[in-house]
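Quick caveat: nothing in here was measured; it's all calculated off a predicted structure. Counting starts at 1 for both ligands and their atoms, in listed order. Hydrogens, waters and symmetry mates are skipped; everything else that's a heavy atom, side chains included, is used.
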Amino acid sequence: MHELAVTESLLQVVLRHARAGGASKVVSVGLRIGEVSDLVDEWVQRYFDHLSRGTIAEGAVIRIERSPAMFRCGACGHSFPADPRTREEIRCALCASEETALVSGREYLVQQIEVI
Ligand SMILES: [Zn+2]
């Protein structure tokens with residue numbers, strides 16, 4: 001049910017921006033979702049369709065772009081993209097330290113709203 005809460009908050013952002021811009025209808029919404037987020041694209045669209053019923057965002061097409069997960073090395077401070085799902089251990093691309101932490105890749109945000 002995670003998608004439902006996330007989609008609800010995204011819809012509020014979309015509606016606020018659309019109203020502020022004097023839009024009469026939202027045609028599409030571009031979302032940026034971190035690669036390691038557990039959000040499923042299909043469910044986001046499905047919940048959006050459900051939640052936006054009766055609003056100016058009804059029928060809007062959701063376009064999802066995935067942003068890569070970024071890690072930061074605790075030893076040298078280097079930031080680098082890596083996929084935590086396919087590797088057992090994330091090592092720094094520069095100094096090979098194992099002291100790395102995920103700094104982004106779970107975020108989700110509204111990147112673009114197309115209105116008429
Ligand atoms: Zn390093």
Is the backbone N or O of [Y] less than 3.5 Å from a side-chain atom of [X], with the two atoms forming a donor-acceptor pair by type?
X: K25; Y: G59; answer: no
X: E8; Y: L4; answer: no
X: S37; Y: I33; answer: no
X: S24; Y: I116; answer: yes

Original post:
Which count of protein N, O or S atoms is obtained for distances strictly below 2.8 Å from the Zn ion (ligand 1)?
Top reply: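 There are 4 of them.
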Subject >> Short side-chain donor-acceptor distance under 3.5 Å, S67 and E107 >> reply: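 There is such a pair (donor and acceptor under 3.5 Å, judged by atom type) between the side chains of E107 and S67.
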Original post:
Is D41 paired with R66 through a side-chain N to carboxylate O contact shorter than 4.0 Å?
Top reply: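 Counted as a salt bridge, because a side-chain N and a carboxylate O are separated by less than 4.0 Å.
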